[in-house]
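In what follows, a single structure is set out as structure tokens and then discussed.
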Protein chains: 2
Amino acid sequence: MSEAFERIPLEKQERIVNTAFVEFCEKGYEQASTNHIAKEAGIGKGTLFYYFNTKQSLFHYLIEKAFTIAQEEYLNKINFETKDFFERIKQTTELKWEVYERYPYALKFLAFAMMHAEETDLSDELSVKRKEAEAKWAGVLTQNIDFSKFREDIPKETAFNLIRWTVEGYRQELEARMKQLQFETMENQDLRPYYEEFYGYLETLKTIYYNE
Amino acid sequence: MSEAFERIPLEKQERIVNTAFVEFCEKGYEQASTNHIAKEAGIGKGTLFYYFNTKQSLFHYLIEKAFTIAQEEYLNKINFETKDFFERIKQTTELKWEVYERYPYALKFLAFAMMHAEETDLSDELSVKRKEAEAKWAGVLTQNIDFSKFREDIPKETAFNLIRWTVEGYRQELEARMKQLQFETMENQDLRPYYEEFYGYLETLKTIYYNE
DNA sequence: CAACTTATCGACCAGGGTGGTCAATTTGCT
DNA sequence: AGCAAATTGACCACCCTGGTCGATAAGTTG
């Protein structure tokens, strides 16, 4: 990436980055089209290659960017003093939503890039970052959590997994529902009912998986 | 589709159909390549167009085929006498596995085709079929189920959804795990440990969501 | 204003993939 | 042998690809 890209208005930067995130997520590296990214972001093709010299260097920039976003907008904001499991889930979910509002596909892109990390040869520096991030991600729902509140007739590990899967399954269904409603952007959408619904389910899960 | 396709050996038919299912699922209609399908299925490109005259007619044939598979290999085999919810889940999951062994991507393709049903203009006949199928699918986990066994402090509907999401979330994680292990085919893989693990979780869910 | 740098663009390139065709060949059957 | 059905891949016109580059436009400086 040339330094020119960092000189343009932040809003434009984010528009381009987000467009590129989407394109790479949905099509994969090979099938992703620089033409399409440029058009979708509302800039000329030449401009895109003026900012990033090649498709690959754009991709590498995106990886770094996604890492930074995940780190600064998500991981660093988690309050690890929250010992209650459900409170932690609620909190991390809210953080994810906040990230989503600004960079809708950043976290999905990061997951995608990590999954295909073997094909995409990362720099040594990035490989290190990856290891670090993986460790942190693993701790998001476990570090400093008070598991003693869980009911005792079920292994803590099992309960932990079941809850994770429930939340994830619910999230996926919500995503599908929204796609069907053609929520291309979530802008100006009132999401509060969805939040409320989610919190309701969390409360139910708490009565189920905690000691009474 | 010409009648020639139905004259060739069944094994070859299935190989072609399965290859096409995969290609369309993974790339979508536009991006799917007939070249690639032919090569992957081990037949000449000319042969593919000898069987199905156009890409579109191949696609329509696949929809019909997927419908038939879902109907005959899955829906029709469900035992609706089974009143226990978890027993029903176990049974339908097993059926899905069986279908998966023979037509690995058929059900995923069907879901994909239904989701993009608006873009893909279906024939009137198919639209009717779709409505019918949708009704049947909705009943798979509800029809003739004895919900009185569920604990009473949680709305039946909520419990029902939570369990569905748990199972679905678990399934997704399993799928991801398998992809990472490069299970390209499930052939010759010993899946019993996975079955057992799944049944174990089902038992736990039963203790959680049923009256004691 | 001129002079100069930086930003932006889209026509253009060679290369490769597309859905689809078809003459040539192989296969199977009587 | 002789015929019909099955199979093939070279070939077609077309479109899209990542990337280049000369022509502008915008901004900045004197």
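Computed from a predicted structure; not experimentally measured. Each chain gets a letter, A, B and so on, in the order its sequence line appears, and its residues count up from 1.
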Please confirm whether the shortest side-chain N or O distance from A:Asn35 to OP1 or OP2 of D:dC16 is below 4.0 Å.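 No, no such contact exists.
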
Taking OP1 and OP2 of D:dA6, is either one under 4.0 Å from a side-chain nitrogen or oxygen of B:Arg7?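 It does, given that an N or O in the side chain of B:Arg7 lies less than 4.0 Å from OP1 or OP2 of D:dA6.
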
[N] [atom2] sits how many Å from [X] [atom1], rounded?
X       : N      : atom1 : atom2 : result
B:Leu48 : D:dA10 : CG    : C1'   : 17 Å
B:Tyr51 : C:dG19 : OH    : P     : 19 Å
B:Phe5  : D:dA5  : CZ    : C1'   : 17 Å
A:Lys55 : D:dT17 : NZ    : C1'   : 8 Å
B:Phe49 : C:dT21 : CZ    : P     : 8 Å
B:Lys39 : C:dG16 : NZ    : C1'   : 12 Å
A:Tyr50 : D:dA26 : OH    : P     : 16 Å
A:Glu6  : C:dA7  : CD    : C1'   : 16 Å

Just say parallel, tilted or perpendicular for the rings of B:Phe85 and B:Phe160, cut-offs at 30° and 60°. tilted

Parallel, tilted or perpendicular: which describes the rings of B:Phe52 and B:Tyr61, with under 30° parallel and over 60° perpendicular? tilted

Is [Y] paired with [X] through a side-chain N to carboxylate O contact shorter than 4.0 Å?
X        : Y        : answer
B:Glu73  : B:Lys77  : yes
B:Glu40  : B:Lys27  : no
A:Arg171 : A:Glu168 : yes

Look only at the side chain of [X] and the backbone of [Y], and say whether a donor-acceptor pair between them is shorter than 3.5 Å.
X       : Y        : result
B:Asn18 : B:Arg102 : yes
A:Glu14 : A:Tyr103 : no
B:Arg88 : B:Gln143 : yes
A:Gln91 : A:Asn79  : yes

Does A:Lys55 qualify as a cation-pi partner of A:Tyr29, given the criterion of NZ or CZ under 6.0 Å from the six-membered ring centre and within 45 degrees of its axis?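 Yes - A:Lys55 lies over the ring of A:Tyr29, closer than 6.0 Å to its centre and within 45° of its axis.
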
Base versus backbone protein contacts along nucleotides 23-30 of chain C [heavy-atom cut-off under 4.0 Å; B, S, -]: --------

Distance-only polar pair, side chains of B:Tyr170 and B:Glu197, donor-acceptor under 3.5 Å: yes

Judged by each residue's nearest nucleotide on DNA chain D, which is more toward the 5′ side, B:Pro9 or A:His36? B:Pro9

Given the side-chain rings of A:Phe59 and A:Phe109, with only the six-membered ring counted for Trp, is the space between their centroids under 6.0 Å? yes

Which residues in residues 11-25 of chain B have a heavy atom closer than 4.0 Å to any atom of DNA chain C?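 Under 4.0 Å from DNA chain C: no residue of residues 11-25 of chain B.
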
Extract from the structure each pairing of a protein N or O with an N or O of nucleotides 10-14 of chain C at less than 3.5 Å, listing the distance.
from, atom 1, to, atom 2, distance (Å)
C:dG10, N7, A:Gly46, N, 3.4

Give B:Ala32 one of three labels, base, sugar-phosphate or nothing, depending on what nucleic acid heavy atoms sit under 4.0 Å from its own.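 Counting heavy atoms under 4.0 Å across all strands, the contact made by B:Ala32 is with sugar-phosphate only.
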
